[in-house]
Structure formats: structure tokens, C-alpha cells
Amino acid sequence: KKDEIWDTEEIQNEEDVRDLNDQRPSPKYEFMYKQTVGTEDTFLGMSDMSPSSHDCTHLTIKVHFPGSKLKDLDVDLKPNRIRAESKALRLFTYLPVTVDADNGEAKFDSDKCMLSVTAPVVREWGGGMA
């Protein structure tokens with residue numbers, strides 16, 4: 001509705017809230033920003049891009065699941081948050097930027113037992129999406 005102050009995506013669902021009875025610890029995780037740059041950006045500074053996170057195009061979330069296998073993991077990415085869990089660990093955290101969750105991709109490095117989830121960053125300027 002026009003009078004509503006919240007978008008439907010901003011309202012938490014019951015399954016989105018961390019279960020206080022769940023005693024699994026959170027795994028180590030980190031956020032990394034990516035941007036597409038060419039030699040003209042790197043060496044010549046010909047574009048308006050800066051190395052700051054403001055000009056980044058993608059967000060990568062790396063989550064460490066020691067001793068886990070891909071089949072043990074459950075991942076749910078939403079525009080503002082991620083939930084990733086194994087039998088022993090559970091991560092539920094909000095993202096520092098809004099992402100296009102429908103176009104994200106996940107990879108699992110079985111040697112490092114690390115899940116990497118990458119999604120495009122959604123930028124809002126003015127009243128529209130960029």
C-alpha cells in the first residue's frame with residue numbers, strides 16, 4: 001500500500017529470526033567487496049571509479065565450516081541477510097549492503113571447508129534502482 005512505511009521484504013518472518021534455543025555457535029565469516037576494473041582504471045585513472053566500497057559491484061560472504069561437506073550445508077540468501085548452517089554451526093547475519101539475491105551464486109571449497117556466496121550489489125539513487 002502507498003501509506004505503508006515498510007516494504008514486505010523488510011519485515012522479518014518467524015523463520016528469519018535466530019532461534020534462541022539453537023545453541024550452535026556462529027562460524028567465522030567475512031564480507032569482501034568486488035569491483036570490475038580494467039587497465040584504464042588501474043593504471044591510467046581514466047574512469048570515475050575509486051577503490052572504495054562505494055564503487056563495488058558485488059559482495060562476497062566467505063563462511064568457514066570446518067569439517068563440513070557441501071551436502072551438510074543449508075544456505076538462504078535474502079537482499080538484506082544471509083543464513084548459512086551446518087550440523088555444528090549456524091550463521092544468521094544482516095548484510096552491510098543490499099544485494100540481488102536472485103542472481104547470487106554459492107561455491108564451496110572442500111579443501112578449505114569454506115562457503116563463498118557472491119551477489120551483485122543493488123544501488124539506489126534518487127527514487128529508483130541502478
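- To the nearest 0.5 Å, the span separating CD on E85 from CG on D74 amounts to 5.0 Å.
- Ion pairing of K107 with E105 is present here, as a side-chain N (NZ or NE/NH1/NH2) and a carboxylate O approach within less than 4.0 Å.
- Note that the CZ atom of F65 and the NZ atom of K87 stand 13.0 Å from one another [nearest 0.5 Å].
- The side-chain contact (heavy atoms from CB on, under 4.5 Å) test with T93 is passed by exactly one of V63, I61, I82: I82.
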Residues 109-122, side-chain donor-acceptor partners within the protein, below 3.5 Å, at least two apart:
{"from": "D109", "atom 1": "OD1", "to": "D111", "atom 2": "N", "distance (Å)": "3.0"}
{"from": "D109", "atom 1": "OD1", "to": "K112", "atom 2": "N", "distance (Å)": "3.2"}
{"from": "T118", "atom 1": "OG1", "to": "T60", "atom 2": "OG1", "distance (Å)": "2.9"}

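- Nearest heavy-atom pair across P27 and H64 is CB-O, 3.1 Å.
- Annotation: the span from D76 atom CG to R81 atom CZ amounts to 4.5 Å, rounded to 0.5 Å.
- Inter-residue side-chain proximity for P96 and Y33 is flagged as met; some heavy-atom pair is nearer than 4.5 Å.
- Tracing side-chain contacts under 4.5 Å through hydrophobic residues (I, L, V, M, F, W, Y), one never reaches L95 starting from M32; they form parts of separate clusters.
- Annotation: the span from D102 atom CG to K78 atom NZ amounts to 8.5 Å, rounded to 0.5 Å.
- A donor-acceptor pair under 3.5 Å links the side-chain atoms of D72 to the main chain of K69, judged by distance alone.
- If you take OG on S68 and CG on L73, they are separated by 5.5 Å, rounding to the nearest 0.5 Å.
- For the atom pair K28 NZ and L91 CG, the distance stands at 14.0 Å (nearest 0.5 Å).
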